[in-house]
Number of protein chains: 2
Amino acid sequence: MPPDSRTTASVRPMRADARRNYDRILTAAAEAIAEQGAEASLEEVARRAGVGSATLHRHFPSRQRLLEAVFRDKVEDLCAVAADLAADPDPGRALATWLGAVARHAVSNRGLAASLMRGAHDGDPAWGATCHTMITDAGADLLARACRANAARPEVSITDLLTLVNAICLAVEHDPDGTTHADRLLTLALTGIRPEGPQVVNR
Amino acid sequence: MPPDSRTTASVRPMRADARRNYDRILTAAAEAIAEQGAEASLEEVARRAGVGSATLHRHFPSRQRLLEAVFRDKVEDLCAVAADLAADPDPGRALATWLGAVARHAVSNRGLAASLMRGAHDGDPAWGATCHTMITDAGADLLARACRANAARPEVSITDLLTLVNAICLAVEHDPDGTTHADRLLTLALTGIRPEGPQVVNR
DNA sequence: TACGATATGGAGGGCCACCCCGTTTACGCA
DNA sequence: TGCGTAAACGGGGTGGCCCTCCATATCGTA
């Protein structure tokens, strides 16, 4: 959300040069993050964008803000997918499909998982619709339906599921063929959410 | 493994001062990591130990090496637990118990999960028994038994399981009541490993 | 065109990992 | 016990990072 697209009328539109730099930084950040993950050097992002580091910090006061801007449209995609799946006649399958989509996005966009996860805790306040809350809201509906259809245990929360998915993707990020591993692990993990599943004998 | 305990006769024992500093660094590192996690500043570790930073780097050429040294005995504990559980009449329960123990260790020792996970990929070569391989070996046996007793799906690998456990613990590390979350997530995830479990409808 | 509001980025501070190399220390032997 | 040497030490340097300040440049408008 570039600042000039806010609905509040009191906010002036960005100046053209500011807008240009904002976009350049975003592009550069996307590249750098794709190559080096969520921990990419902000200084290098600025360098790639041909911009002073102060400019980067003015537009994005924290790494988290930058990540959220970079991944905003991916997250919106996922929310849209969730909305579509809400109409699926099989809510259990819909939920599983969606979680699979989340995982695929997270694996193929380095840093996304980290971004979604971080948002959970140290998300800075006074920042409305973070990626984290967006995606949580989107998934909550799918889970509720699955639950009503007796396709998910009632004690499972959407936070649990997303944490699990993100944890797996994060764990797999430094892995040559992460996609494969993420897939097996997710399949494995998701088997546990169905109510008729066997009781686990843990501890 | 402090260098002087190697079996090779050609290696001289450490000098007393070196030994002393090695131990001091290890203690300081354990404290710092307990407080700040696996990313604790090495410089501060050296400061706490009352040692120059060069000394720290001489003894532990990489952060990973330091982590491994710090957690070595914890990992040995886990291996011992695994050895005990190998005699359990119920191999499925034994495996679950052990994975629970791994999780508990990882949650209560900040940095352990990170250490075990990192060891998997960028572990530097020419470094024999890393924590990662130690624990993998220990668990492989339990899993094999569980599998033979039809208490685990044959296509599940010990790497899968440990990755899952570590991923969960890592995800939960920045969480106020991590133990609780780790527990639910692990229970959830482990339900999927039993062969008679319901088929997952993923993707 | 000229002016005020806005945006910029170089320079600098604080912190960090890692290394170089002159100095100190412990050990083994006479 | 005293001494020579190999081993260990650590101060200080390098370069990178994140972040902030403020003198300067640029934009949009009257």
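Given the structure is predicted, the values throughout are model-derived calculations rather than measurements. Side chains included, hydrogens not; waters and symmetry mates left out as well; all remaining heavy atoms used. Residue numbering restarts at 1 for every chain, and letters A, B, ... go by the order of the sequence lines.
With B/Leu143 as reference, B/Leu161 is the one residue of B/Thr159, B/Leu162, B/Leu161 to meet the side chain to side chain contact (heavy atoms under 4.5 Å, CB included) rule.
Taking side-chain N and O atoms only, A/His59 has a distance below 4.0 Å to OP1 or OP2 of C/dT8. For B/Asn21, no side-chain nitrogen or oxygen approaches OP1 or OP2 of D/dA8 to under 4.0 Å. Taking only side-chain nitrogens and oxygens, A/Arg58 comes nearer than 4.0 Å to OP1 or OP2 of C/dT8.
Interatomic distance, CE of A/Met117 versus CG of A/Leu112, reported as 11.5 Å (0.5 Å rounding). Taken from SG in A/Cys131 to CD in A/Glu76, the straight-line distance is 8.5 Å, to the nearest 0.5 Å. With values rounded to the nearest 0.5 angstrom, A/Lys74 atom NZ is found 12.5 Å from A/Ile135 atom CD1. Between the OG1 atom of A/Thr130 and the CG atom of A/Leu67 there is a distance of 12.5 Å, given to the nearest 0.5 Å. Distance check: A/Arg153 CZ to B/Leu188 CG gives 7.0 Å after rounding to the nearest 0.5 Å.
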Original post:
With the sugar-phosphate defined as primed atoms, P, OP1 and OP2, and the base as all remaining atoms, what B/S/- string results for nucleotides 25-30 of chain C, 5' to 3', for protein heavy atoms under 4.0 Å?
Top reply: BSS---
Original post:
What one-letter contact string describes nucleotides 13-19 of chain D from 5' to 3', where B marks a base within less than 4.0 Å of any protein heavy atom, S marks contact via sugar-phosphate atoms alone, and - marks no contact?
Top reply: ----SBB
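For the pair B/Phe60 CZ and C/dA17 P, the interatomic distance rounds to 15 Å; values are reported in whole Å. Rounded to an integer number of Å, the gap from CG of B/Leu56 to P of C/dC18 is 10 Å. Per the geometry, CD1 belonging to A/Ile25 stands 13 Å off P belonging to C/dA7, to the nearest Å.
Remark: A/Arg24 pairs with no residue by the side-chain hydrogen bond (donor to acceptor under 3.5 Å, both in side chains) rule, at least two apart or across chains.
Salt bridge absent: A/Arg47 and A/Glu43 never bring a charged side-chain N and a carboxylate O closer than 4.0 Å.
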